[in-house]
Amino acid sequence: MKEFPAVDSGMGIAAPRIAVILPCYNEAGAIVQTVQDFRRALPSAEIYVFDNNSTDGSRELAAGAGAVVRRVSQQGKGHVVRRMFADVDADIYIMADGDATYEAAAAPRMVAAMLGDNLDMVVGSRKSEIEEAYRRGHRFGNWALTSLLKQLFGRSFTDILSGYRVFSRRFVKSFPVLSAGFEIETEISVHALELAMPVAEVVTAYGARPEGSVSKLSTYRDGWRILRTIITLYRIERPILFFGLIAALLAAAGLVLAAPLILTYMQTGLVPRFPTAILVTGLMILATLSGMCGLILDTVVRGRREVRRLAYLAFKAPADFARRD
């Protein structure tokens, strides 16, 4: 197994401060095992469990297993991630779910990949040999959403919905979390792609939940929310393409309706269908307005992207963990 690179800072050997951050909601059947697995994989890491209003004693079990437990009252994984990123201070952050499905033993490999190549995010791409661990509907939904993201943004990951990720400090402290639920992974992926951050994927095992642990993910409801998030992010990050497409459709509809009017006018010199002519005029005006909105918003987005990039550059690179910000 690859070791973390050590840095001689003149005052001894420095090591990165690693925090394992685990969102948790009613995971009494799995949270102890999750904490113990990450403790074995990363003995020096600080393990945090952010409990999201559990009613089954998960909070007490996590504390008994040695984790630092925090409570998040706003319901939803996005709210939990926002608190985790804001409250925890470390050089490297390892985020996983509290359901013991992710391979904790792969964490040192993922951290070594980050430090070795100075990456800002390493995604644990899930590979499961157990049908119960990764249901067929979830597989198809993940493939469809990943493919859509690649088509819209030009590049993607192989598993955009994986909740197993390693982040650098500069990613965590410069990422404005806006999502409220399970769409948070999509927002994280798009943020990394839009800022052209150095990222990588590591294939990790994905296991079935322990007995007594139940998935909170709804295939259709959360799938729709993720799809809506992708479209919203596309509108925000690619306004000239989004509104340009709308403008093109409106203009095409206007031209189709205008063609018979133009032919009649050329033959008779008359415009007999005034309602259609008015509709065509309205469609072309809307097409022009949509195109102009895209151009204006593209300028705004460029400015926002520059600000985000500057905020990101305010922090040290992952391999410079010995130099505290």
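As a basis for the values below, the full set of heavy atoms in this structure was taken, side chains included, without hydrogen atoms, waters or symmetry mates.
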From [atom1] ([X]) to [atom2] ([Y]), nearest 0.5 Å:
X	Y	atom1	atom2	answer
R305	E194	CZ	CD	4.5 Å
I240	R302	CD1	CZ	12.0 Å
S168	I92	OG	CD1	8.5 Å
L195	F171	CG	CZ	8.5 Å
I18	L42	CD1	CG	5.5 Å
M121	M95	CE	CE	9.0 Å

Would you say the ring centers of F85 and F167 fall short of 6.0 Å from each other? yes
Near-ring test Y102/Y206, centroid separation under 6.0 angstrom: yes
Checking R17, K316, K173 against D91 for salt bridge (Lys or Arg N to Asp or Glu O under 4.0 Å), the one that qualifies is R17
Can Y48 and V20 be said to form a side chain to side chain contact (heavy atoms under 4.5 Å, CB included), step by step? CA-CA 6 Å; Y48 295 84; V20 178; over 6 Å; no
Honestly curious: do [X] and [Y] fall in one hydrophobic cluster under the side-chain, below-4.5 Å linking rule?
X	Y	value
L241	M292	yes
V301	L233	no
L250	L257	yes
V68	V172	yes
L245	L289	no

Give me the atom names and distance for the closest heavy-atom approach of [X] to [Y].
X	Y	answer
A205	E103	N-OE1, 2.9 Å
T204	A106	CG2-CB, 3.7 Å
E27	C24	CB-SG, 3.9 Å
A247	G291	CB-N, 3.8 Å
V35	L22	CG2-CD1, 4.2 Å
S162	G124	OG-O, 2.6 Å

Answer yes or no: is there a donor N or O on one side and an acceptor on the other, between the side chain of [X] and the main chain of [Y], under 3.5 Å?
X	Y	value
D37	A100	no
N118	A319	yes
S54	D56	no
R59	V69	no
E187	L178	yes

Please enumerate all residues that pass side chain to side chain contact (heavy atoms under 4.5 Å, CB included) together with T232, with sequence neighbours excluded. R228, R235, I236
Test side chain to side chain contact (heavy atoms under 4.5 Å, CB included) on D99 and T34 and set out the steps. CA-CA 7 Å; D99 55 12; T34 304; 5.6 Å; no
Validation row: [X], [Y] side chains within 4.5 angstrom (heavy atoms):
X	Y	answer
P198	D117	no
R39	I47	yes
L297	F243	yes
Q75	N52	yes
R273	T264	yes
M197	H191	yes
R165	Y93	no
M110	I94	no

Under 3.5 Å side-chain donor-acceptor pair for T158 and S125: yes
Show, in sequence, the C-alpha distance, side-chain angles and deciding distance for V199 and V122, and conclude whether the side chain to side chain contact (heavy atoms under 4.5 Å, CB included) test is met. CA-CA 6 Å; V199 298; V122 179; over 6 Å; no
Hey, mind stepping through E237 and L193 against side chain to side chain contact (heavy atoms under 4.5 Å, CB included) and telling me if it holds? CA-CA 11 Å; E237 300 294 344; L193 294 174; over 6 Å; no
Connected-component partners of M266 among ILVMFWY, side-chain separation under 4.5 Å: I262
Any ion pair linking [Y] and [X] (charged N to carboxylate O, less than 4.0 Å)?
X	Y	value
K77	E183	no
D120	R170	yes
R126	D159	yes

Carefully, step by step, assess R71 and E60 under the rule salt bridge (Lys or Arg N to Asp or Glu O under 4.0 Å). CA-CA 11 Å; R71 182 177 179 180; E60 292 76 14; over 6 Å; no
